[in-house]
Structures are given as C-alpha cells and as structure tokens.
2 protein chains.
Amino acid sequence: MNLSKTSKYAFRVLGQMAKNEKELYSAQQLHKEIDVPERYLRRLLTDLSKYGFIKSIQGRQGGFAFARDISKIFLIEIVVAIDGLDSIDGCILGYDSCAFDHACPMHNIWEETKRKVIETLTKTSLKDIQNAGLKL
Amino acid sequence: MNLSKTSKYAFRVLGQMAKNEKELYSAQQLHKEIDVPERYLRRLLTDLSKYGFIKSIQGRQGGFAFARDISKIFLIEIVVAIDGLDSIDGCILGYDSCAFDHACPMHNIWEETKRKVIETLTKTSLKDIQNAGLKL
DNA sequence: ATTAAATGCCACTTGCATGTAGTATTTTAC
DNA sequence: GTAAAATACTACATGCAAGTGGCATTTAAT
Ligand code: SF4
Ligand code: SF4
C-alpha cells in the first residue's frame, strides 16, 4: 500500500494540465504553478510522455500536451506506470511471494479495502481532478 | 498513503505472537517463524515494547509478551506509532500543508477511500489476525 | 562464580527514491 | 545564420528507510 512521491507529483502535474486540456505547457510554467522541483519535474514530464499520457514538443515554443483524451486517462494507469501495480496490490504483510494455499487471516480482512482503493483509482480520470494540485 | 516495510514487519511479528497470546517469544524464535532480518527484528521488538504493545523480559529465558489484551490492540495504533498518522491520512497529492479554503477536486474523491482504509485499520485488532504472517 | 542466552544501546553501512548538474539536441524568433 | 527557449540524455549527489555489527547489560542454569 504505497504511493510514491513521484506518483503524487504526477497527479499534481497532470491535474494541473487537465485544467485546459488542449494547452501546451512548458516545464517551467508548470513548475511555477505546482510545487515540484524544476529539474525533477522535467524528467517526470519526459517519463510521462514515454508512458504515453502526454506528448512532448521540442524546441522553442515547445512543451507538453495530452496525448489522449483526459477523460480516458485513469489514475491507476499513472500509478502502475510509475510504481507498478504491486505497490498497491502487493501483500499487505510485505511478502514478495505468498505460498499460502489458503489466504492468511490478514488477507481477507484487507481484501475489501484494497479493492476499494483500486476501484477509486480505476474509475477516477484526469477529467475528474481538473485543477487539482495547485500550488499553495 | 504509505505503509512502511517496518509496519508490515510489525504486523507479521505481532500477528505471529498473537497465535498464543500468553506465550513468551524470543527474537530468535520469531525470526525463525517469520521472515524478518534478525537484528532488525530485535530492534523492532524493542521499539514495540517502548510503544507499549508488548513488554520485554531481559536475561536468559527472556523474551517478549503482550503488554495488553490483543483484542484491544488495533492495527491503526501500530501504524501511527511507527509511521505516524500522516502516512495514511496525509494529502494524497503529497502537500505538507494545504492552504485551500475549499477542498480541491482530488480531496473529495479520495476522502471516502481514505476513510475506508482508516476504518479497516481501526477496527482490526491483533486478535483478528492471529497467525497471520507465517513464513512462506 | 561462571557461563550462556537473552534484550538494550549506539554507531555504522547499504540501497533506493529523490533531487541536482552539465551538456546535447531541437526548433523558433529575429 | 545566430541566439534563445524549450526538451532529452546521462551521470552524479543527497536523504532517509532498511539492514548490520559490536559490545554492554540482565538474568537463569550449572
Ligand atoms: S495470504 Fe497473507 S501473506 Fe499471503 S499475500 Fe495474502 S496477506 Fe500476504
Ligand atoms: S484539498 Fe487537495 S491539496 Fe489540499 S489536502 Fe486535500 S487533496 Fe491535498
């Protein structure tokens, strides 16, 4: 049950960009709007474009814009791309691989909660969090 | 939304100890039963005794036993002691302090899920996870 | 008394996520 | 064509959680 700081940064950036879906945002501009270190943000944006959420346009007047419809980009995809599904779905006791034939007591107790977390991340799109993550 | 590896270790250890509530467990014995590095486990057990979940008995034939009724030790207490409440309850966008007068879009979306997580940790006691966390 | 088996304390090491720096590349403005 | 403003790449630095090691202390068995 882990969400890396980087994933949280991604939520902020993409939430901010979702404010105007078509706009081309530069890293510098985004850095001013949300509170993420500029160089780190640049690398993150490059990564996000490799993951296919956004596209990058190089050169002067360049920047980043969405590569897909923001109503069809769901938070779970972002988390999976950055942290991997196991960060959310993995064993709550931290075992890498579980060899129980039958689930241990903790498993069933946690199952429903885990499902809720995944469900929320799965059904929430960037459209739903437009304008989330403004700098304080 | 973070649960440290150490908290997960604590779930394993205490879940294992809850198997026989009254038994006195040595670190070495527990190390054999669950998969946690021995030295790290010893430190964790000492910490857990400082937090008041268990008590330590020094000297030969010493070990650790519960200091309180296991049906009244709830997982949330363990997480709060080790990671702090903010690890669960903190801003999902990673802001240290949020200055929004009105909650941002993400806040309300996440609220219910967060509540579910906290509720599950709050209502689950060590009694409920007896024998959880056996070594593979 | 001596030894053995346990916890307690403190400092160090390691691994990994986060953050920074330098430089190359791309494209536009003039 | 040159400079400016943007992204791309790669290597290095930093900070913190996780893990290890040495030795002191406590207590029971002998
Ligand atoms: S059964 Fe228990 S140990 Fe196995 S994956 Fe589920 S919670 Fe983890
Ligand atoms: S309102 Fe938004 S930024 Fe503020 S604490 Fe809630 S999720 Fe975080």
Side-chain angles (χ1 to χ4, degrees), chain A residues 1-13 17 23-32 34-67 79 81-84 86-87 90 93-96, chain B residues 1-13 17 23-32 34-67 79 81-84 86-87 90 93-96:
Chain A
M1 241 266 292
N2 264 15
L3 206 63
S4 71
K5 200 166 184 176
T6 305
S7 282
K8 291 170 185 169
Y9 283 167
F11 289 168
R12 292 192 209 172
V13 180
M17 288 177 68
E23 191 172 334
L24 193 67
Y25 294 88
S26 73
Q28 209 173 56
Q29 178 184 357
L30 288 166
H31 165 65
K32 283 176 194 147
I34 60 175
D35 191 23
V36 179
E38 185 170 350
R39 296 307 290 274
Y40 198 70
L41 175 58
R42 283 187 17 204
R43 211 169 56 184
L44 175 57
L45 285 163
T46 301
D47 288 344
L48 289 172
S49 71
K50 286 184 182 158
Y51 299 144
F53 301 121
I54 56 181
K55 62 193 171 200
S56 73
I57 293 163
Q58 289 198 344
R60 188 166 173 162
Q61 303 292 80
F64 300 88
F66 285 105
V79 174
I82 294 174
D83 296 333
D86 250 28
S87 68
L93 298 176
Y95 283 116
D96 286 339
Chain B
M1 240 266 292
N2 264 17
L3 205 64
S4 70
K5 201 166 184 176
T6 306
S7 282
K8 291 170 185 169
Y9 282 168
F11 288 168
R12 292 192 209 173
V13 181
M17 288 178 68
E23 190 173 333
L24 193 68
Y25 294 88
S26 74
Q28 209 173 56
Q29 178 183 357
L30 287 166
H31 165 65
K32 281 176 195 149
I34 61 174
D35 192 23
V36 179
E38 185 170 350
R39 295 308 291 275
Y40 198 70
L41 175 57
R42 277 177 36 193
R43 211 170 55 184
L44 174 57
L45 285 163
T46 301
D47 288 344
L48 289 172
S49 71
K50 286 183 182 160
Y51 299 145
F53 302 120
I54 55 181
K55 62 193 171 199
S56 72
I57 293 164
Q58 288 198 345
R60 188 165 175 166
Q61 301 293 80
F64 299 89
F66 285 106
V79 174
I82 294 174
D83 296 333
D86 250 28
S87 69
L93 298 177
Y95 283 116
D96 286 339

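The sequence lines fix the lettering, A, B, ..., with proteins before strands; numbering per chain opens at 1.
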Return yes if a side-chain donor-acceptor contact under 3.5 Å exists between A:Y40 and A:T6, otherwise no. yes

The test is side-chain contact (heavy atoms from CB on, under 4.5 Å); show your working for B:F53 and B:D47 and say whether it passes. CA-CA 9 Å; B:F53 302 120; B:D47 288 344; over 6 Å; no

Identify, between A:Q61 and A:E38, the residue whose nearest nucleotide on DNA chain C lies closer to the 5' end. A:E38

Comparing B:G59 with A:I57, nearest DNA chain C nucleotide closer to 5' gives the residue B:G59

Looking for any heavy atom pair under 4.0 Å, which part of the strands does B:K8 touch: base, sugar-phosphate only, or nothing? nothing

Distance, nearest 0.5 Å, that separates CG of A:D83 from NZ of A:K8: 9.5 Å

Which heavy atom of B:L44 sits nearest to which heavy atom of B:Y9, and what is that distance? CD2-CB, 3.7 Å

NA contact type, B:K55, heavy-atom cut-off 4.0 Å: base, sugar-phosphate, or nothing? nothing

Length of the line joining B:H31:NE2 and C:dT7:P, which is rounded to integer Å: 13 Å

What I'd like to find out is whether the side chain of A:F11 reaches to under 4.5 Å of the side chain of A:V79, using heavy atoms alone. yes

Taking atom CG of B:L3 and atom CE of B:M1, what is their separation to the nearest 0.5 Å? 9.5 Å

Looking only at heavy atoms, what is the nearest atom pair of B:Y25 and B:E23, with distance? CD1-O, 3.5 Å

Output the rounded distance in Å from CG (B:L30) to P (C:dA5). 18 Å

Side-chain N,O (B:S49) to OP1/OP2 (C:dT7) below 4.0 Å: no

Which residues in residues 40-48 of chain A have at least one heavy atom lying under 4.0 Å from any atom of DNA chain C? A:Y40, A:R43

To the nearest Å, give me how far apart NZ (B:K32) and C1' (C:dA6) are. 13 Å

In a check of side chain to side chain contact (heavy atoms under 4.5 Å, CB included) between B:F64 and each of B:L24, B:L45, B:L48, B:I57, which one passes? B:L45

Strictly distance-based, threshold 3.5 Å: is any side-chain N or O of B:H31 a donor or acceptor partner for the main-chain N or O of B:P37? no

So, is A:K5 near the phosphate of C:dG19, with a side-chain N or O under 4.0 Å from OP1 or OP2? yes

Name the first nucleotide and the last nucleotide along DNA chain D (5' to 3') that come under 4.0 Å of a heavy atom in chain B. D:dA18 to D:dA29

Tell me: OH of B:Y25 to P of C:dT7, nearest whole Å? 14 Å

